[in-house]
Amino acid sequence: MAAVCLAIETSCDETAAAVVRYPAEVLSSVVSSQYVHAQYGGVVPELAARAHMELLVPIVRQALADAGVPAAGVDLVCVTHTPGLLGALLTGLPFAKALAFGLNKPFVGVHHIEGHLFAVRLEHPDASPPFLAAVLSGGHTELLLVRDWCSYEELGSTLDDALGEAFDKSAKLLGLPYPGGAALEQLARSGRPTIPFPVSAPTRESVPNVSSAHSPFPIPHYPTSLDFSFSGLKTAVLYYLRDHPDADRADVAASFQTAAVASVLNRLNQAIDRTGFSTVAVSGGVAANGFLRERLADLAVRRSLRLLIPRPGYCTDNAAMIGAAGLERFRRFGPSPFGLPATARTPLH
Ligand code: KG4
Ligand code: ZN
């Protein structure tokens, strides 16, 4: 059984490598955030790929050195192969394959969202499914039922913007640099949540009562009523700032954050009611948000939940979580084929 893996993450704008021992002991974790994108207000895929190419070798060397593990001491190479920016994935994935091939070791491709889920295991090695999980990142907002490690059922996801995307877009409207989530949280600390932004998430009940038999147009179909929607909130911020150019930006930030977090908590409450689960995991970049963490802690006390939430450094993109996921995948399903492609989008389940 593979005990120690080298893991690599290059799906977006973090170049990361880690050495992890099964099941989730982090021997080293190196993350380099690319600052080149800030001047463009968003990630420029071509620049991200080029930066990964420059950073991969030094970051991997650093991870091995920090762990005190020589390349030959690695049993397995794990790497994110989906979802993400194709050009960015196409740096780390072939690099990991070549490294594994050269070392004559197996390799495992990991789904980035599954990686975010396994960040929970890095923090809580004793976490054992089944439990509810919310993955709140810049590209995804997923509410999952984790039946077992590597076995998931989607309860809801966002119909439009991801939660982190809503933070980033609202931060941009507030004149904050990209990525704006953490900066918005910082600004919100000195504001008051006085503006009643919409706390919304469409439900089955909110879909107009028309059947497709009476409409020539496709009727939106919400497979569950635990989906999220954040584009209306972002638009509310846009209109508020347009109509109140002298608004206190800290108050706008605090109001946005309050509404966004309330939407998440509402959905979690519904999912807990529906499933009866009392263990809830929350991860992904937005789970680094201190206000969300406080509200979740309150909820956990109020509803006697076990809250599984990784430290902020394991919430945002890192390779240690990819390693933990890859090690479990390898144990259950063996290695990935070397022909495994990089794909920009793939459902988790
Ligand atoms: O998981 P992640 O690092 O990358 C993706 O897989 O997308 O998440 C990045 C997202 C960005 O939208 C970023 O603004 C947001 O997480 N984020 C935060 C905070 N830290 C990162 N959002 C709110 N508050 C934070 N403290
Ligand atoms: Zn991520």
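Read the numbers this way: they start at 1 and go in the same order the structure lists the ligands and their atoms.
Among all non-hydrogen protein atoms, the one lying nearest atom 3 (O) of ligand 1 is Asp317 N, 2.9 Å. Annotation: atom 26 (N) of ligand 1 to nearest protein heavy atom, Glu185 OE1, 2.8 Å. Protein heavy atom nearest atom 24 (N) of ligand 1, with residue, atom name and distance: Asn289 ND2, 3.0 Å. Remark: minimum distance from atom 22 (N) of ligand 1 to any protein heavy atom is reached at Gly181 CA, 3.4 Å. Closest to atom 6 (O) of ligand 1, if we only count protein heavy atoms, is His112 NE2, 3.1 Å. The nearest heavy-atom contact from the protein to atom 9 (C) of ligand 1 is Gly138 N, 3.7 Å.
Here the angle centred on the Zn ion (ligand 2), running from NE2 of His112 over to NE2 of His116, is 100°, rounded to 10°.
Contact between Gln257 and ligand 1 is absent, with no heavy atom of the residue lying under 4.0 Å from the ligand. The shortest separation from a heavy atom of His140 to ligand 1 is not under 4.0 Å, leaving the residue out of contact. Within the structure, ligand 1 lacks Cys12 among the residues with a heavy atom less than 4.0 angstrom away.
Inclusion of Gly180 in the set of residues having an N or O under 3.5 Å from an N or O of ligand 1 is not warranted. Among the atoms of Phe167, none of the N or O lies under 3.5 angstrom from an N or O of ligand 1. The shortest N or O to N or O distance between His116 and ligand 1 is under 3.5 Å. In terms of N/O distances under 3.5 Å, ligand 1 is not approached by Glu14. Residue Gly164 has at least one N or O atom closer than 3.5 Å to an N or O atom of ligand 1. Ligand 1 has no N or O atom lying under 3.5 Å from any N or O atom of Gly290, backbone or side chain.
Checking side-chain atoms of His112 against main-chain N and O of Thr82 turns up no donor-acceptor pair under 3.5 Å. Side-chain atoms of Lys105 come within 3.5 Å of backbone N or O of Val74 as a donor-acceptor pair. Formation of a donor-acceptor pair under 3.5 Å by the Ser170 side chain with backbone atoms of Phe167 is not found in this model. In this structure, Ser304 contributes its side chain and Ala300 its backbone to no donor-acceptor pair below 3.5 Å.
Contacts of Asp168 with ligand 1, taken as heavy-atom pairs under 4.0 Å, involve the side chain alone.
Atom-to-atom distance recorded for Leu348:CG and His111:NE2 is 5.0 Å, nearest 0.5 angstrom.
Ring planes of Phe230 and Phe228: parallel class, angle under 30° (limits at 30 and 60°). Ring-plane geometry between Phe107 and Phe338 is classed as tilted, the angle between the planes lying from 30 to 60 degrees on a 0 to 90 degree scale.
Considering only heavy atoms from C-beta on, His52 stays 4.5 Å or farther from Ser32 through its side chain.
Short contacts between ligand 1 and Gly139, defined as distances under 4.0 Å to a heavy atom of the residue, involve ligand atoms 7 (O).
By the rule that hydrophobic residues join a cluster once side-chain heavy atoms approach within less than 4.5 Å of another member, Leu163 and Leu299 end up as members of one cluster.
Distances from the Zn ion (ligand 2) to each N, O or S atom of Asp317 single out OD1 as the nearest.
With ring centers used as reference points, Trp149 lies under 6.0 Å from Phe131.
The neighbour count for Arg306 CZ, taken as heavy atoms of other residues, nucleotides or ligands under 6.0 Å away, is above 12.
The closest heavy-atom contact to atom 17 (N) of ligand 1, among the options Ala166, Gly285, Ala171, comes from Gly285.
Using a 4.0 Å cut-off between a side-chain N of Lys or Arg and a carboxylate O of Asp or Glu, Asp168 and Lys234 do not qualify as a salt bridge.
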